[in-house]
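Quick note: residue numbers are just sequence positions, from 1. Because only heavy atoms are used, hydrogens play no part in the values below, and waters and symmetry mates are left out as well, while side chains stay in.
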Amino acid sequence: MKISILDDYHDTVRTLTCFEKLNGHEVTIWNDHVQDVDRLAERLADTEALVLIRERTQIRTPLLERLPKLKLISQRSVYPHIDVDTCTRLGIVLSSSQHPGKPSRATSEFTWALILAAMRQIPQQAAAMKAGQWQIGVGTTLEGKTLGIYGYGRIGAVVASYGRAFGMNVIVWARPATLEKARADGYAVAPSKEAFFEQSDVLTLHMRLVDATRHIVTAADLARMKPTALLVNTSRAPLIAPGALLEALRKGRPGVAAVDVYEQEPVRDPDYPLLKMPNVICTPHLGYVTREEYETQFTDIFDQITAYAAGHPINVINPDVLNSKSLRT
């Protein structure tokens, strides 16, 4: 098959052990980011299998309708960036492993790195030292503070365990079913969403972006946070209402934020508002970007391609396409 891999910024994929799974296929790897439909349609004109790295590129109807040879989109995890109904109509299989029971340790670890960096002012202190200064402020200890976990899924549960190891008081807010799981794991459940935001010294978001969670964090929620509190988002930017975090930080509630995700990525504008705020740590969506995580993710992605090539697609998100007369063969 003719395979295209988009958005491999550091040309990492070809160096992975699992890349050998694509031996015998014709593979083209793109290292830049392009969202323009005309340019993508030209690049992918002969592509039969398209590999996506998470949600870096939007795959919408205007593009899909200009890719007559595309048979398979192979990726991992959620797919809010893909028009699934259009894929089905056009006979394109979407395979995406949902990796049950496999939390992203990379994202969990990075979340904790951001918490420590923000609470101890590590980026600011390091930058000041390079500028010839010495100890520009006083940090905050985590032990005894309240860690709020918003969304108790695979990643949220791991981050909660880190909080427990650091001697923090962990509270959880989530859907009723996952709240029961948090209770079973020995964590306190906040009495209400309002109390959750009011009580948390560190509040970290760990939800998938679906219709029910889009803009689930409101300006009113953020206004309830302590002026000393830290909000961390390594999940998805649209979990927060548009503009709400920026305005809340300007008003001082919460007092600090650590952000790894943005409404539009990549962010290359040095004047991007959050980058200008001294009380915000911004990182370029690094949560899952480790070699070990890439091996895990691309093993699933390439297995989906080889399964399709063998005539037995797996992890199919739109199974109706398999019975459709429009299925591309």
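The aromatic rings of Phe298 and Phe302 are tilted relative to each other, their planes meeting at an angle between 30° and 60°. A perpendicular orientation is assigned to the rings of His33 and Tyr9, their planes being inclined by more than 60° (bins at 30° and 60°).
For the salt bridge (charged side-chain N to carboxylate O under 4.0 Å, His left out) test, no residue two or more places apart in sequence or in another chain qualifies with Arg214. For Gln125, the side chain to side chain contact (heavy atoms under 4.5 Å, CB included) partners at least two apart in sequence or on another chain are Gln121, Ile136. Scored by the side chain to side chain contact (heavy atoms under 4.5 Å, CB included) test, Thr204 finds Thr111, Leu147, Ile149, Val159, His206, Val232 as partners (sequence neighbours excluded).
Among residue pairs with one or both ends in residues 103-132, none qualify as salt bridge (Lys or Arg N to Asp or Glu O under 4.0 Å); sequence neighbours excluded. Each salt bridge (Lys or Arg N to Asp or Glu O under 4.0 Å) pair with one or both residues in residues 162-171, not counting sequence neighbours, would appear here, but there are none.
No salt bridge links Glu42 with Arg39; every basic N to acidic carboxylate O contact stays at or beyond 4.0 Å. A salt bridge does not link Glu265 with Arg236: every distance from a Lys NZ or Arg NE/NH1/NH2 to an Asp or Glu carboxylate oxygen is 4.0 Å or more. By the 4.0 Å N-to-carboxylate-O rule, Lys71 lies close enough to Glu48 to be salt-bridged with it.
Under a 3.5 Å cut-off, the side chain of Thr12 and the backbone N or O of Asp8 do not form any donor-acceptor pair.
Its side chain within the 4.5 Å cluster rule, Trp134 clusters with Met129 among the Ile, Leu, Val, Met, Phe, Trp and Tyr residues.
When the side chains of ILVMFWY residues are joined at heavy-atom separations under 4.5 Å, either directly or via intervening members, Tyr288 and Val158 end up in two distinct hydrophobic clusters.
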